[in-house]
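Counting starts at 1 for both ligands and their atoms, in listed order. Just so it is clear, the structure is predicted and the values come from calculations on it, not from any experiment.
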Amino acid sequence: MTVLVISNQKGGVGKTTTAISLGAAFVAQGQRVLVVDLDPQANATSGLGVSKELPNAIYGVLLNERPLGDSIVPTAMEGLDLVPSGPDMAGAEVQLVPIMAREYRLRQALRDTHGYDTVLVDCPPSLGLLTVNALAAGDAVLIPVQCEYYALEGLAQLLSTIEAVRERLNDHLVLLAIVLTMEDRRNRLSLQVIDEVQRHFPDLVARSRIPRTVRLAEAPSHGLPISIYDPKSPATQAYNDLARELSQRLKARAPLAVRGAIA
Ligand SMILES: Nc1ncnc2c1ncn2[C@@H]1O[C@H](COP(=O)(O)OP(=O)(O)O)[C@@H](O)[C@H]1O
Ligand SMILES: [Mg+2]
């Protein structure tokens, strides 16, 4: 089971869209996938057609040590399951502070979770304890970056948080890729941003980029992943390509992680 954390403390860069769409793309490739919604805004939850008001949300798993299995709900797509978030998560960041081993609550909860090939963790737009829980539980991190001005803003801080978690909490964590989202090929600025991010992080930027398309913005209001809402959308193709590319990257990185564990 690979735990892939989708993180960027900037809001609106495509984290949730990527969690849902990439999850569906992995399922299309034959995997069983669990999306864990760690964001109090619960956009992945509603975007997958699940109520934000379920009693057994991720909050009870993190704060009351309820088994994560009790919180798993199915979605409209067979093979794609969800651990929902909800409004009580808004207080979780603060309530976690005095708790013993507070950084490892998600990791512990996932230890008893079986039957999934990939777990995708959708992080909130902050670098607080919820995101640290995700990074401490993760095998790899995927960073969505929007093709807009200021794309690189905040990335240094995110990278140093990832490095700190690797040093202190989870030496197994690898930075898998940056995925460029909301690409607009007719827009010069979009092209400039792609160029700039690729120059800064030549090895890290995924070849597959996600185009800007209104279909991706519409899909959540139908509670469906893009691959079901609009199978022919270029975004469906882009997320399928990304899923394949990330699988290859994960395979290539595996020996590294093993070496790290031995050293
Ligand atoms: N490739 C895209 N094309 C068009 N709209 C997008 C795309 N990706 C995301 N969006 C829209 O942009 C907004 C922010 O995306 P979201 O995935 O919620 O970001 P985050 O989780 O990082 O805050 C949402 O309204 C979403 O529907
Ligand atoms: Mg989000």
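Counting protein heavy atoms only, atom 18 (O) of ligand 1 is closest to Thr16 CB, 4.0 Å. In terms of protein heavy-atom proximity, atom 7 (C) of ligand 1 is nearest to Met182 CG, 3.5 Å. With hydrogens left out, the protein atom closest to atom 19 (O) of ligand 1 is Gly14 N, 3.0 Å, a heavy atom. Atom 25 (O) of ligand 1 has its closest protein heavy atom at Ala217 CB, 4.9 Å.
Between the side chains of Thr16 and Asp122, at least one donor N or O lies within less than 3.5 Å of an accepting N or O. Asn64 and Tyr59 form no side-chain donor-acceptor contact under 3.5 Å, judged by distance and modelled atom types alone. Remark: the Asn56 side chain and the Ser71 side chain contain no N/O donor-acceptor pair separated by less than 3.5 Å. In the model, Thr118 has a side-chain atom that pairs as donor or acceptor with a side-chain atom of Gln31 under 3.5 Å. Side-chain N/O atoms of Ser190 and Arg185 include no donor and acceptor closer than 3.5 Å. Looking only at atom types and distance, the side chain of Glu245 has a donor-acceptor partner in the side chain of Ser208 under 3.5 Å away.
Note on Glu103 versus Arg168: no salt bridge recorded, every NZ/NE/NH1/NH2 to OD/OE distance being 4.0 Å or above. Ion pairing between Asp241 and Arg207 fails under the 4.0 Å rule for side-chain N and carboxylate O.
Residue Val13 places at least one N or O, backbone or side chain, under 3.5 Å from an N or O of ligand 1. Residue Gly12 places at least one N or O, backbone or side chain, under 3.5 Å from an N or O of ligand 1. For ligand 1, none of its N or O atoms has an N or O atom of Thr18 under 3.5 Å away.
Heavy atoms of Pro211 found under 4.0 angstrom from ligand 1 belong exclusively to the backbone.
Under the 4.0 Å distance rule, the nearest protein heavy atom to atom 3 (N) of ligand 1 falls inside the cut-off. For atom 13 (C) of ligand 1, the protein comes within 4.0 Å by no heavy atom at all.
Heavy-atom proximity to Ile210, at under 4.0 Å, picks out these atoms of ligand 1: 1 (N). For ligand 1, the atoms lying closer than 4.0 Å to a non-hydrogen atom of Gly11 are 23 (O).
Of the options Thr17, Thr213, Asp122, the smallest heavy-atom separation from atom 16 (P) of ligand 1 is shown by Thr17.
Under a 3.5 Å cut-off, the side chain of Arg249 and the backbone N or O of Leu176 do form a donor-acceptor pair.
Among the backbone and side-chain atoms of Thr16, an N, O or S atom lies under 2.8 Å from the Mg ion (ligand 2).
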